[in-house]
Amino acid sequence: MKQKISVHKKGIVIAIVICLVVGIVYYKKSNKTNTEMPTVVNTTSVQKGDIKENISLRAALEGTESAEIVSRLHYEVLQLNVKEGDRVKKGQVLAVLDSDTLKEEIKRAEDQLALAKVESSEASSRSAQNVELAKAQLQDKLKDQQTAYEKAVLDRDEIKRKYDNIKTLVDAGIETEEALKEIQNTYDTAQQAVDSYTVENGKVVATEADLKSIENSADNSAGSRAKNIAILQTELNNKRKDLEECQIVSPIDGTITRVNIKLGRFADDTDDDKPMFVVENIDQLEMDILVSEYDIGKIEVGQTATITADILKGEFVEGVVDRISPTGEEKAGSTERVIPTTVRITGDAKGLIAGINAKAEILISQSNDTLILPLECLQQNEDGTISVLRVNSENKIEVIPVTTGVENDLNVEIFSDMLQEGDNIVVTPTPDLAEGTLVTTPEMMQQINQKADVENPQDNIENNTDENTENDTENNEEQNTQDDTENNEQDNAENADNTSSDSIE
């Protein structure tokens, strides 16, 4: 019986201890729940320095002046006077084509033209003689017609007088109406004879038919002869031009950067149908970049640029925006429009090679010795204003209105009388962060924990004890359950023994 009572006492004590431990843990957890927990935020400090806004674009370096030299002539290349890398002057002969056949063609064309001119001259002379003869014949004709005209006028006037006399006699009853009618017919015939002549101021003049006759006496093939001569002259001029082009010359000063022809080949039969020669002025290099329509408003002629390329191995050269196209063009594979813009190298281009890719960083704007923050710190307000969230000495949020200036892909210039270098600003603020919100940072939490470990080691022990107590409680509960099971089994066994003893007694 004593053993059974001691077992029961042990279970009661364990239960009391478990209740005390659970109470302590619950109390501490309740206190923690009632304490305001700060919001964890990431911050950065306001920096003071320089900021630049650049637009970076890549393009191939090219000479400021270049020429692709081609030939349309199907003549053999007899001389090739240059190779890639040679410097040449404007008008310098680069290659010579076989022109013997062309010279023979020019001689024949000259002979044909000369013959056509002689024949045309002779025909024109004959035509002039024919015209003069026709004019002389017309003058004689007009002279004869003048005499005949004057006679016809006299005859008509004489008949008119006779008519008037007979009419007087008819009126007097001396002559008959028949006589008057007969003289009237005679007068009409005489008038028709007078009217048959073309007369101006009493002079007989040539009719249109007379003038046309003189024109017809001229050589009607004069126009066709003149046209034939013009055709022959044009053909001769073209052949002479071809002869000049048998001397392939450079149109500019520069350097031969490509030779796509070989001796013995025809001038119009180049490698891959490329130009015979490419000449570039590579003493002055430039880049033709394509600026987006969304950025072109920031670009102006005269803006400085920094040129970098792999071949420079970390070095750079200076450039300047030299030209901006007045029209845009479609960007390949996009609906966006781009504007061709030329950046000219102004610094020492030594080390750069035409044809390689380079990057131009065009300086849009800059500000020196100014306050700078990352773009992620900015907060857009509903009224369109911009603000940032500063963490004050009490670790609480302060909403600070700001205005912005120069910005690039990462940072932005800010203006505010309430900010200064070193202020802690929240990065990527969220809507739940309002004025007065208590906050902390991962760094601050780490510092506090480290300080607490140094100054209050007992707290750590207690915290560990709390944790251990909780664990012990769980373990004790399991252990007590197991002990209770064993005790119950033992009590049952003892009760069975006692029952047996009582029965015996």
Side-chain angles (χ1 to χ4, degrees), residues 105-244:
E105 293 175 357
I106 290 175
K107 181 64 172 64
R108 287 195 296 270
E110 289 174 341
D111 292 343
Q112 290 176 355
L113 178 61
L115 178 60
K117 287 181 177 180
V118 170
E119 291 176 346
S120 177
S121 176
E122 292 176 350
S124 296
S125 177
R126 290 193 299 269
S127 176
Q129 293 175 359
N130 293 337
V131 170
E132 291 299 324
L133 177 60
K135 287 180 178 180
Q137 291 174 346
L138 178 58
Q139 290 298 323
D140 292 340
K141 176 182 177 181
L142 292 178
K143 185 177 180 181
D144 293 340
Q145 287 182 345
Q146 181 68 35
T147 302
Y149 167 73
E150 292 175 355
K151 183 179 184 300
V153 170
L154 292 176
D155 291 343
R156 179 203 61 187
D157 292 344
E158 180 63 27
I159 295 172
K160 180 69 168 60
R161 284 192 299 271
K162 291 179 179 180
Y163 173 84
D164 291 339
N165 292 333
I166 292 175
K167 188 174 185 304
T168 300
L169 294 175
V170 169
D171 292 340
I174 300 173
E175 279 286 354
T176 64
E177 289 290 338
E178 291 292 334
L180 182 60
K181 188 176 181 180
E182 183 179 352
I183 196 65
Q184 178 68 50
N185 292 336
T186 303
Y187 175 79
D188 292 341
T189 301
Q191 184 62 49
Q192 289 176 0
V194 172
D195 294 338
S196 64
Y197 297 95
T198 303
V199 180
E200 293 180 1
N201 298 323
K203 294 291 184 180
V204 177
V205 296
T207 64
E208 291 185 3
D210 293 332
L211 298 177
K212 187 67 177 177
S213 177
I214 294 176
E215 182 179 342
N216 292 337
S217 64
D219 188 357
N220 294 329
S221 62
S224 61
R225 289 199 309 272
K227 184 177 181 179
N228 183 54
I229 290 174
I231 292 174
L232 292 174
Q233 184 67 62
T234 300
E235 291 177 352
L236 178 59
N237 292 341
N238 290 338
K239 291 183 183 298
R240 287 172 175 170
K241 183 179 179 181
D242 290 349
L243 182 61
E244 292 178 1

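The first residue of the sequence shown is numbered 1, and numbering continues consecutively from there.
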*Approximate separation, where rounding is to 0.5 Å, of Ile159 CD1 and Asp164 CG*: 12.0 Å
*Indicate whether any N or O donor in one side chain lies under 3.5 Å from an N or O acceptor in the other, for Thr168 and Asp171.*
no
*Using the ring-ring contact (aromatic ring centres under 6.0 Å, His included) rule, collect all pairs that involve residues 161-185, keeping only residues at least two apart or in two chains.*
none
*Taking only residues two or more places apart in sequence or in another chain, which ones pass salt bridge (charged side-chain N to carboxylate O under 4.0 Å, His left out) with Lys107?*
Asp111
*Indicate yes or no: at least one non-hydrogen side-chain atom of Val153 is less than 4.5 angstrom from one of Arg156.*
yes
_What I'd like to find out is whether the side chain of Lys239 reaches to under 4.5 Å of the side chain of Glu110, using heavy atoms alone._
no
*Between Leu138 and Ala206, what is the shortest heavy-atom contact and its length?*
CD2-CB, 3.8 Å
*So, for Leu113 and Ile229, which heavy atoms are closest and what is the spacing to 0.1 Å?*
CD1-O, 3.6 Å
*Rounded to the nearest 0.5 Å, what's the gap from CD on Gln145 to OG1 on Thr198? Could you check?*
8.0 Å
*Heavy-atom side-chain contact between Val205 and Leu142 under 4.5 Å*: no
*Glu178 side, atom CD; Ile166 side, atom CD1 - distance, nearest 0.5 Å*: 12.0 Å
*Inter-residue atom distance Ile106.CD1 - Asp242.CG, 0.5 Å rounding*: 7.5 Å
*Sort and list the pairs that fulfil ring-ring contact (aromatic ring centres under 6.0 Å, His included) and have at least one residue in residues 111-143, not counting sequence neighbours.*
none
_Qualifying ring-ring contact (aromatic ring centres under 6.0 Å, His included) pairs, either residue in residues 175-194, two or more places apart_ = none
*Pairs involving residues 106-132, ordered by first then second residue, that meet ring-ring contact (aromatic ring centres under 6.0 Å, His included) (sequence neighbours left out)*: none
*Classify the side-chain pair Gln192/Asp188 by whether it contains a donor and acceptor separated by less than 3.5 Å.*
no
*Taking only residues two or more places apart in sequence, or in another chain, which ones meet Tyr149 in a ring pair (Phe, Tyr, Trp, His ring centres under 6.0 Å)?*
Tyr197
*Look at atom CD of Glu182 and say whether more than 12 heavy atoms of other residues, nucleotides or ligands are closer to it than 6.0 Å.*
no
*Looking only at atom types and distance, does a side-chain atom of Asp210 sit under 3.5 Å from a main-chain N or O of Thr207, one as donor and one as acceptor?*
yes
*Say you draw a straight line from OG of Ser196 to CD of Gln191; how long is it, rounded to the nearest 0.5 Å?*
10.0 Å
*Do the side chains of Asn237 and Gln233 get nearer than 4.5 Å, heavy atoms only?*
yes
_Pairwise side-chain contact, Glu150 with Gln146, heavy-atom cut-off 4.5 Å (strictly under)_ = yes
*Kindly compute the distance separating CG (Asn185) from CG (Leu180), expressed to the nearest 0.5 Å.*
10.0 Å
_Main chain of Lys117, side chain of Ser121: is a donor-acceptor contact present, judged purely on distance under 3.5 Å?_
no
